[in-house]
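Here is the structure we will look at.
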Amino acid sequence: MSAKTIVTTEALMKVGDLPLGLTVQPGSTVDFKTGDWRSALPVLDREKCSYCGFCYVYCPDGVYQDMGPEKYYKPDLDYCKGCGVCAHECPKKCIQMVIQEV
Amino acid sequence: MSAPKGKSDSARAIGLEVSLAIAEAVKLAEAEVVAAYPITPQTHIVEHLSELVANGELTAEYVPVESEQSAMSACIGAAAAGARTFTSTSSQGLLLMAEMLYIASILRLPIVMAMVNRAISGPINIWNDHSDAMSVRDCGWIQVFAETGQEAVDLTIMSFRIAEDPGVLLPLIVNLDGFTLSHFIEPVILPEAAEVRRFLPPYETAHKLDIQNPLSLGALGGPEIYTEARRALDLALTGAKPRIQRVFDDFAKVFGRQYKLVETYRTEGAETILVTMGSISETAMTAVDEMREAGQKVGLVRLRLWRPFPVEEFRAAVAGAKNLAVIDRAMILGFPEGPVATEIRALLYHEKNRPHMTNFILGLGGRDVPRSHFKHIVERVRELGASGRQGRYELVGVLE
Ligand code: SF4
Ligand code: SF4
């Protein structure tokens, strides 16, 4: 190209490297870190938590991990989109949605 | 544009309604899934297909869906499972199906659809023009226009071969004019089943849903990939052109009927060339014959392939003409020319020796197109050419 101004691109992949029909391999959503959509972060008060598992069950993205003997649940922040459902459903009101500064 | 002529001795023309002949062609192609919703004037095709399936003459899954949107969705599912898939629609049905057309092409699923061209309402109208086809011009499907019943049959059979070509893998629309072609009884040669099977072996593909080899179809494509995805589809569609001609050539070797992407009729030394698509080309050719007999240097160029547009073939076909009369069977509301003319004018913009060109719109909503229309058009395009005026459509036979 002879134009002086360089065009920047946010493209993820070259045209020629795209799979036929844009198919996606199984299990590949693991690489798709939806956590960066988040504007608020669930912060859990372990002292108040009764280990009832509501957050684990209600989270639409299934990001809560059972901490077992630790007796509480922990969100995987790579995939938590910050919807606040867990905080709303927690019977102990021990999850706070904290706005994240960018 | 040769008359039906079969290589094999057993090939004999029979009188058949073109819609039924297309259904028979789908049977010969051994389609495995047909999902369709009846709409005038396409109804006879899918009606006959459902009969063929019910009678056991065609071993296929016939899915009588509740809408065209579902018809195309079912076709997408079937094609994604690796089945040879067929459907058919017209006009309003096409509009209801439209959103799914774009999905079929980006997923590269080789569905074949007969589009029996009918005007888009309103006012409510069931008769023929090309406004339905033009409304989905950019859906990413290969699109061809048939002129005769024989051509519609042959194109239907070839369509599966083209669409399923591993170097193509795109859905394909066979356009044919509603009523004026679909409901006519024409002499048609139905090829021998064994020969069709040799020409069109069963569809085998690795590009399908398979529990042994799982994959997902239809994932999100955000800003970081959408541009590249659209470019890839455009390259696939444009790149299909030589392969389409190759299938036409292979068909000629087996069945003796040779098709081209762009057909020319008496264009040698023609000063004025008519450009048409679809069944009115038959009437136009008769008009050309009459004008040639009267000593006028008139010829005809017919686009069989509409998408991908056969750019080089079209340029070569009209080279040397002084006047081009481009016929449209649809309008672009709010723009000075119809869809076919707009594209052709854009293509000719870069030519050193551009012909004079005028766009004539006719045959809307089933209005009859007699030979006299073409004679009027030829006189008119010459007149406008001589005066150097061009650039607005003329609506032939409009009362205002
Ligand atoms: S905020 Fe939403 S996504 Fe994040 S852990 Fe709670 S429920 Fe799950
Ligand atoms: S819903 Fe609240 S109380 Fe129950 S486990 Fe989750 S954080 Fe603890």
Side-chain angles (χ1 to χ4, degrees), chain A residues 1-42 56-65 75-86 88 97 99-102, chain B residues 75-82 85 100-111 140-141 163-171 203-240:
Chain A
M1 254 190 251
S2 56
K4 276 196 208 118
T5 310
I6 307 291
V7 174
T8 56
T9 179
E10 54 173 316
L12 209 62
M13 242 175 154
K14 283 187 181 171
V15 172
D17 293 339
L18 288 168
L20 177 77
L22 308 176
T23 51
V24 176
Q25 293 305 310
S28 52
T29 38
V30 169
D31 304 329
F32 193 37
K33 305 267 197 270
T34 45
D36 64 6
W37 302 357
R38 188 176 54 233
S39 61
L41 181 77
Y56 176 87
V57 170
Y58 277 103
C59 170
D61 287 81
V63 305
Y64 273 99
Q65 291 159 297
D76 181 342
L77 295 179
D78 274 352
Y79 305 106
C80 163
K81 63 189 177 191
C83 66
V85 167
C86 53
H88 185 264
M97 295 305 292
I99 302 292
Q100 281 181 299
E101 301 298 334
V102 196
Chain B
C75 286
I76 288 171
T85 306
M100 301 314 295
L101 294 179
Y102 295 74
I103 307 300
S105 55
I106 197 74
L107 298 183
R108 307 287 299 276
L109 299 173
I111 300 160
W141 289 46
E164 294 167 6
D165 182 331
V168 175
L169 276 179
L170 281 168
Y203 176 42
E204 302 283 352
T205 184
H207 180 53
K208 65 174 178 186
L209 298 172
D210 175 1
I211 41 174
Q212 303 306 327
N213 248 323
L215 52 80
S216 275
L217 282 164
L220 183 78
E224 65 283 356
I225 212 74
Y226 186 85
T227 308
E228 285 68 28
R230 300 308 294 177
R231 171 72 173 158
L233 181 56
D234 184 47
L235 289 175
L237 187 57
T238 314

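Quick caveat: nothing in here was measured; it's all calculated off a predicted structure. In what follows, chains carry the letters A, B, and so on, assigned in the order in which the sequence lines appear, proteins first and then strands, with residues in each chain numbered from 1.
Identified by a heavy-atom distance below 4.5 Å to chain B, the contributing residues of residues 22-31 of chain A are A:Leu22, A:Thr23, A:Val24, A:Gln25, A:Pro26, in residue-number order. Interface residues of residues 75-84 of chain A toward chain B, defined by a heavy-atom distance below 4.5 Å: none. Residues of residues 210-219 of chain B that come closer than 4.5 Å to chain A, counting heavy atoms only, are B:Pro214, B:Leu215, B:Ser216, B:Leu217, B:Ala219, ordered by residue number.
Only the side chain of B:Leu169 comes within contact range of chain A, with heavy atoms under 4.5 Å apart. Residue B:Leu235 touches chain A through its side chain alone, counting heavy-atom pairs closer than 4.5 Å.
Applying the side-chain hydrogen bond (donor to acceptor under 3.5 Å, both in side chains) rule to B:Glu228 yields no partners; only residues at least two apart in sequence or on another chain are considered.
The minimum heavy-atom distance linking B:Ala232 with A:Leu18 is given by the pair CB-CD1, 4.1 Å.
The number of heavy-atom neighbours closer than 6.0 Å to OH of A:Tyr56, taken from other residues, nucleotides and ligands shown, is 12 or below.
Chosen from A:Thr9, A:Leu12, A:Asp17, A:Leu20, the residue pairing most often with chain B at heavy-atom distances under 4.5 Å is A:Leu20.
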